[in-house]
Trainee: 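Below are the structure tokens for one structure; questions will follow.
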Amino acid sequence: MTFGKGCHLHLIDGSAFIFRAYHALPPLTRKSDGLPVGAVAGFCNMLFRYVENNKGADAATHVAVIFDHSSKTFRNEIYPLYKANRPDPPEDLRPQFPLTREATRAFNIPCIETEGFEADDIIAALACKARDAGGQVTILSSDKDLMQLVGNGVGMLDPMKNKRIDRDEVIEKFGVPPERVVDVQALAGDSVDNVPGAPGIGIKTAALLIQEYGDLESLLARAAEIKQPKRRAAIQDNADQIRISKRLVELDCNTPLDVELDDLEVQKPVAGDLLGFLNLMEFRSLTKRVADSLKVEAPPAPTAVTAPAAAIPSAAEAPLPFDTAAYDCVRDAATLSAWIARIRERGHVAVDTETTSLDEMRAELVGISLCVEAGRACYIPLGHRQGTGDLFGGAELAPDQIPMDLALSMLKPVLEDDAILKIGQNMKYDAKILARHGIRVAPIDDTMLMSYAMHAGLHGHGMDELCDTYLGHKTIAIKTLLGSGKAQITFDRVPIDQAVPYAAEDADVTLRLWALFRPQLHRARVTTVYETLERPLIPILAEMEMAGVQVDRDTLSRMSNAFAQKMAALESEIHELAGGPFNVGSPKQLGEILFERMSLQGGVKGKNGAWGTGADVLEDLAAEGHDLPARVLDWRQLSKLKSTYTDALQDHINPETGRVHTSYSIAGANTGRLASTDPNLQNIPVRTEEGRRIREAFVAPPGKVLVSLDYSQIELRILAHIADIPALKQAFREGQDIHAMTASEMFGVPLEGMDPMVRRQAKAINFGVIYGISGFGLARNLRIPRADAQGFIDRYFERFPGIRAYMDATVAFAKENGFVQTLFGRKIHTPEINAKGPGAGFARRAAINAPIQGTAADVIRRAMIRMPKAIAGMPAKMLLQVHDELLFEVDEAAADALTDRVREVMETASDPAVHLSVPLTVEAGRGANWAAAH
DNA sequence: GGGCTCACG
DNA sequence: GACGTACGTGAGCCCG
């Protein structure tokens with residue numbers, strides 16, 4: 001790529017990186033020989049983080065790391081004392097300088113330094129050159145000496161604070177725009193670099209003077225006009241020294257360069273080189289993280305028997321480039337037959353469907369794409385339409401398409417053939433579409449789920465993202481075909497010649513991802529997870545989603561009306577209390593009314609300067625006897641129930657089936673939990689009486705009942721097992737009240753006649769532990785002083801020391817490996833665990849929670865996967881999963897038998913892979929509706 | 001489109 | 001020493 005417009009050059013101030021790394025880290029040494037490597041380690045971490053984050057709109061197309069070559073530069077000829085009072089670098093840092101250059105080259109990033117020049121001069125020259133070529137430049141440094149370069153497409157980025165420094169920030173710092181910064185620096189001098197400047201003049205005064213006189217030369221010429229005698233003397237007496245200072249701080253865009261911009265194009269690291277270097281430095285956890293990121297196996301540590309160099313994969317063999325023009329458009333049966341023959345020959349095929357909607361239950365099939373090997377893909381248009389059609393959208397089919405029935409009948413034997421693997425990206429979607437045409441697709445591989453098994457926590461698993469990340473290719477955006485907003489069209493309206501490259505590319509990408517991921521599953525040790533917890537779930541969920549749940553529209557509609565009336569009454573009451581009308585639904589207006597107009601106490605502004613009006617705030621106010629916040633709380637509850645549930649749910653009733661069909665995302669939640677969308681049926685109200693009534697609208701058809709079974713305290717049981725807490729395990733085995741038991745252990749009170757308040761506190765702690773407890777969080781939850789909460793936690797840890805040990809061990813494991821694991825081997829990555837700042841707290845707690853939440857998620861997945869076989873022949877269907885609950889619809893007469901079978905499957909779901917040292921127990925209920933079944 | 005709020009486990 | 005914090009989700013509304 002020739003550097004020019006659209007290119008973005010990143011210039012990394014290498015010396016700054018080194019010093020930051022050196023001071024930020026303890027003095028590490030290499031284990032085998034004691035070589036100091038702390039700064040190198042930090043430097044590599046920074047570079048790795050940089051490489052990982054270099055994506056998105058601001059990503060570099062070109063990059064270089066620039067170093068200072070030696071301490072003597074041309075500036076010492078101008079002024080021998082320049083930087084003379086700089087102490088020599090620490091003894092243990094010196095040997096690390098050459099290693100940081102090696103590290104840079106190991107990352108495959110150009111490394112630049114020139115004898116006699118400072119890094120800043122080279123940065124200046126490169127920045128000017130890139131700017132003049134029409135490109136954009138970002139300097140990764142916070143060095144104030146570089147700020148003179150800012151402007152006209154050159155910006156700076158403080159890599160530690162991740163803060164951009166643009167013209168405004170420079171003006172804020174120096175009081176003058178970037179082009180006058182050297183004038184200010186020349187006057188103010190710099191004690192660190194020993195730039196003399198004018199004595200007694202600092203940055204503030206210098207800025208004032210430059211603002212007044214325009215620039216340094218004018219100021220020197222008109223120095224006599226300066227009113228303050230001291231300033232006048234300082235300038236007049238030191239004019240030469242000031243001019244020298246300017247030459248010292250001024251960066252030279254004409255510094256000779258021995259590289260071309262085109263040489264700086266961003267290159268992917270070569271796995272063998274980079275891992276080889278990191279391994280040589282004995283950076284074990286970083287080696288692993290980098291290996292994970294590059295999708296190769298980490299080389300064995302040097303102490304072990306060293307593998308032959310050839311065993312380390314070098315750069316991926318040059319892949320076949322994407323060529324959308326090479327894709328086939330299949331318009332007749334003969335061509336389709338040829339493709340089917342190719343599929344049979346190969347034994348596998350990537351499949352993708354194009355439809356008119358993201359809602360699989362309403363979407364109409366428009367076309368199918370297939371791919372048998374990288375670059376060899378086709379699109380079969382089946383339902384493309386042309387012409388304007390009438391008001392009802394019925395336009396005629398575009399010509400030269402194989403009749404849909406014919407094409408599907410030809411494809412059906414292949415798609416259902418047990419000996420031919422069908423590969424898809426989010427195959428549940430396509431399987432459901434094809435199921436509606438009578439095709440039961442099997443067996444299936446799914447690249448989205450492969451990525452999820454390997455990379456949960458690292459990034460999303462959508463095709464565009466995977467393609468960009470792992471194939472280095474940007475897919476055609478669907479937007480370019482469909483448009484967006486009001487003018488958006490459906491896929492059947494896309495001209496076929498435009499549809500072919502888009503659709504066939506998706507199949508091509510899917511096949512390439514599959515070829516890449518398949519061998520990696522083993523290396524990442526997640527084959528079992530993928531094969532037992534991900535892949536088998538696809539048909540299970542597809543069945544549940546297609547079954548849907550019956551929802552009674554009239555019940556919802558009546559509730560909506562009732563809510564609307566109550567809301568109207570509350571609204572006028574609220575307006576009266578407020579002394580005038582306002583939008584009750586606007587937190588902004590409400591905050592102003594409460595804390596400004598009514599001047600209530602206890603308001604806290606959030607980081608955006610808006611008053612917080614969350615339920616906790618309003619509850620506190622209501623408890624003090626204020627009516628308005630109490631009414632608003634009531635109003636909000638009704639508003640939520642109405643808009644999210646009673647109104648919105650009606651819109652999700654499928655006109656054909658009369659039922660509500662949610663969609664579960666398998667790879668949405670990092671921990672292994674499912675997520676329910678469109679609509680979300682995992683958050684139907686239950687905690688309040690009023691909300692729970694919405695569940696009355698979820699009904700069983702005549703002659704059937706709904707049966708709900710849910711795991712009792714599954715996460716606490718898993719915690720008891722994983723952390724190995726004898727007292728908790730004992731309590732679960734004996735079927736005791738776990739929270740009362742905890743309270744009894746902690747506070748030494750008897751179980752008999754326990755104060756409910758004490759039990760409540762113990763319960764909060766039990767839950768808090770699962771979430772990675774903090775004194776702050778517990779205090780807020782229980783509304784007690786933080787010190788008291790901390791006291792509880794301390795006592796809890798004292799009584800159950802295994803919990804703390806588990807937490808510490810989990811966090812340590814995450815820091816070492818970059819991921820945590822469930823009992824079933826599911827990996828959840830924790831890329832932020834070694835971060836600094838508040839993010840570290842989040843990552844820490846998430847790491848503690850993930851194995852517990854994730855193991856529970858694995859358990860119920862196992863139960864679900866075994867369910868069809870267990871209930872085969874019974875007049876029953878599994879309808880919904882709500883994390884620890886399964887909901888079934890069953891003939892009334894078979895409800896008992898079903899309950900027994902399902903309970904058995906759920907309670908033994910961890911066997912035989914994991915033997916839990918606590919029993920899993922399931923509570924069951926049934927009724928004509930979900931409220932009654934719970 | 002981001003932030004706030006709130007529904008669930 | 002201050003910061004800002006319970007874990008995991010999805011959806012509807014307001015507001016710029």
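Per chain, numbering begins at 1; letters A, B, ... match sequence-line order. Quick caveat: nothing in here was measured; it's all calculated off a predicted structure.
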Trainee: For A:Thr644 and A:Leu641, indicate whether the former's side chain and the latter's backbone hold a donor-acceptor pair under 3.5 Å.
Mentor: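 Answer holds: no.
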Trainee: With a 3.5 Å limit on both atom pairs, tell me what C:dG10 is paired to, counting Watson-Crick and G-U wobble, or say none.
Mentor: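 Partner of C:dG10: B:dC6.
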Trainee: Can you give the first and last nucleotides of DNA chain C, 5' to 3', that have an atom under 4.0 Å from a heavy atom of chain A?
Mentor: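 Span of nucleotides near chain A: C:dT5 to C:dG16.
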Trainee: Using only side-chain N and O atoms of A:Thr613, determine if any of them is under 4.0 Å from OP1 or OP2 of B:dT5.
Mentor: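 For B:dT5, OP1/OP2 do have a side-chain N/O of A:Thr613 under 4.0 Å.
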Trainee: Roughly how far apart, to the nearest Å, are C:dA2 and B:dA7 at atom C1'?
Mentor: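 It comes out at 34 Å once rounded to the nearest Å.
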Trainee: Between B:dG9 atom P and A:Leu681 atom CG, what is the distance in whole Å?
Mentor: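 Roughly 13 Å, once rounded to whole Å.
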Trainee: Once salt bridge (charged side-chain N to carboxylate O under 4.0 Å, His left out) is applied, what residue pairs with a partner in residues 819-834 of chain A remain, sequence neighbours excluded?
Mentor: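 Passing the test, one end in residues 819-834 of chain A: A:Glu534-A:Arg826, A:Arg826-A:Asp858.
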Trainee: Looking at OH of A:Tyr645 and NZ of A:Lys640, how far apart are the two atoms once the value is rounded to the nearest 0.5 Å?
Mentor: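 The OH atom of A:Tyr645 sits 5.5 Å away from the NZ atom of A:Lys640.
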Trainee: I need the OH-C1' distance between A:Tyr711 and B:dG9, as an integer number of Å.
Mentor: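 These atoms are roughly 14 Å apart.
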Trainee: Rounded to the nearest angstrom, tell me the gap between atom CG in A:Leu886 and atom P in B:dG9.
Mentor: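 That distance rounds to 14 Å.
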Trainee: For A:Ala857, which contact category applies under a 4.0 Å heavy-atom criterion: base, sugar-phosphate, or nothing?
Mentor: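 It contacts nothing in the nucleic acid.
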Trainee: Just how far, in rounded Å, is C1' of B:dC6 from CD of A:Glu619?
Mentor: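 Taking CD of A:Glu619 and C1' of B:dC6, I get 12 Å after rounding.
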Trainee: Calculate the interatomic distance between A:Arg717 atom CZ and B:dG9 atom P; express it in whole Å.
Mentor: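 It is 17 Å, rounded to the nearest whole Å.
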Trainee: Answer yes or no: is there a side-chain heavy-atom contact under 4.5 Å between A:Glu923 and A:Ser708?
Mentor: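 A:Glu923 does not reach A:Ser708 side chain to side chain.
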Trainee: What is the nucleic acid contact for A:Ile773, judged by heavy atoms within less than 4.0 Å: base, sugar-phosphate only, or nothing?
Mentor: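 Base: the residue A:Ile773, judged by heavy atoms under 4.0 Å, touches a nucleobase.
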Trainee: Could you check whether A:Ala615 gets within reach of a base, just the sugar-phosphate, or nothing at all, counting any heavy atom under 4.0 Å?
Mentor: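 Sugar-phosphate contact only.
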Trainee: Flag this pair as yes if the NZ/CZ of A:Arg780 is under 6.0 angstrom from the six-membered ring centre of A:Phe776 and inside a 45 degree cone about the axis; otherwise no.
Mentor: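 Verdict for A:Phe776: no cation-pi partner in A:Arg780.
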Trainee: Looking at A:Thr671 and A:Gln853, would you say the former's side chain and the latter's main chain have a donor-acceptor pair under 3.5 Å?
Mentor: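 No: the side chain of A:Thr671 does not pair with the backbone of A:Gln853.
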Trainee: Do A:Gln713 and A:His739 touch side chain to side chain, with heavy atoms closer than 4.5 Å?
Mentor: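 Of all side-chain heavy-atom pairs linking A:His739 with A:Gln713, at least one is under 4.5 Å.
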Trainee: Report the distance from atom OH of A:Tyr645 to atom P of B:dT5, rounded to the nearest whole Å.
Mentor: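 Whole-Å distance recorded here is 17 Å.
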Trainee: Report the base-pairing partner of C:dC3 (Watson-Crick or G-U wobble, both distances below 3.5 angstrom), or none.
Mentor: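 Pairing partner, where one exists within any strand: none, as none qualifies.
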Trainee: So what does A:Ala847 touch, heavy atoms closer than 4.0 Å: a base, only the sugar-phosphate, or nothing?
Mentor: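 Here A:Ala847 touches no strand at all.
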Trainee: Base, sugar-phosphate alone, or nothing: which one does A:Gly841 contact when heavy atoms must sit under 4.0 Å apart?
Mentor: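 Since no nucleic acid heavy atom lies under 4.0 Å of A:Gly841, the category is nothing.
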Trainee: Roughly how many Å is it from OH in A:Tyr771 to P in B:dG9, rounded to a whole number?
Mentor: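 Value for this atom pair: 10 Å.
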Trainee: Let me know the distance between CG of A:Leu880 and C1' of B:dG9, rounded to the nearest Å.
Mentor: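 So the two atoms are 14 Å apart, to the nearest Å.
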Trainee: Heavy atoms under 4.0 Å, any strand shown: does A:Phe842 hit a base, just sugar-phosphate, or nothing?
Mentor: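 Sugar-phosphate contact only.
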Trainee: Hey, does A:Ser639 reach any base, or is it just sugar-phosphate, or nothing, if we go heavy atoms under 4.0 Å?
Mentor: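 Since no nucleic acid heavy atom lies under 4.0 Å of A:Ser639, the category is nothing.
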Trainee: Are A:Tyr530 and A:Tyr452 an aromatic pair by the rule of ring centers under 6.0 Å?
Mentor: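 Between A:Tyr452 and A:Tyr530, which both carry aromatic rings, the centre distance is not below 6.0 Å.
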Trainee: Mind checking whether A:Ile714 and A:Leu920 have side chains closer than 4.5 Å, heavy atoms only?
Mentor: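 They are in side-chain contact.
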Trainee: Does B:dC8 have OP1 or OP2 under 4.0 Å away from a side-chain N or O of A:Arg687?
Mentor: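 Indeed, a polar side-chain atom of A:Arg687 lies that close.
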Trainee: Taking the six-membered ring for Trp, are A:Phe797 and A:Phe792 ring centroids under 6.0 Å apart?
Mentor: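 Ring centres of A:Phe792 and A:Phe797 not closer than 6.0 Å.
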Trainee: How is A:Asn680 classified with respect to the nucleic acid when contacts are heavy atoms under 4.0 Å: base, sugar-phosphate, or nothing?
Mentor: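 Sugar-phosphate contact only - A:Asn680 comes under 4.0 Å of backbone atoms but never of a base.
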Trainee: For A:Ile684, answer base if it contacts any base atom (sugar-phosphate contacts may also be present), sugar-phosphate if it contacts only those atoms, and nothing otherwise; contact means non-hydrogen atoms under 4.0 Å.
Mentor: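 Result for A:Ile684 = sugar-phosphate.
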Trainee: So A:Arg786, base contact, sugar-phosphate only, or nothing? Heavy-atom distance under 4.0 Å.
Mentor: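 Here A:Arg786 touches the bases of the nucleic acid.
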Trainee: Is it true that, when you exclude A:Gln565 itself, more than 12 heavy atoms of the residues, nucleotides or ligands shown sit nearer than 6.0 Å to its CD?
Mentor: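 Count not over threshold, so no.
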Trainee: Under a 4.0 Å heavy-atom cut-off, which of residues 581-593 of chain A touch DNA chain C?
Mentor: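 Heavy-atom contacts with DNA chain C come from A:Asn583, A:Gly585, A:Ser586, A:Lys588, A:Gln589.
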Trainee: Using atom P of each nucleotide, how far apart are C:dA6 and B:dT5 to the nearest Å?
Mentor: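 These two P atoms come out 13 Å apart once rounded.
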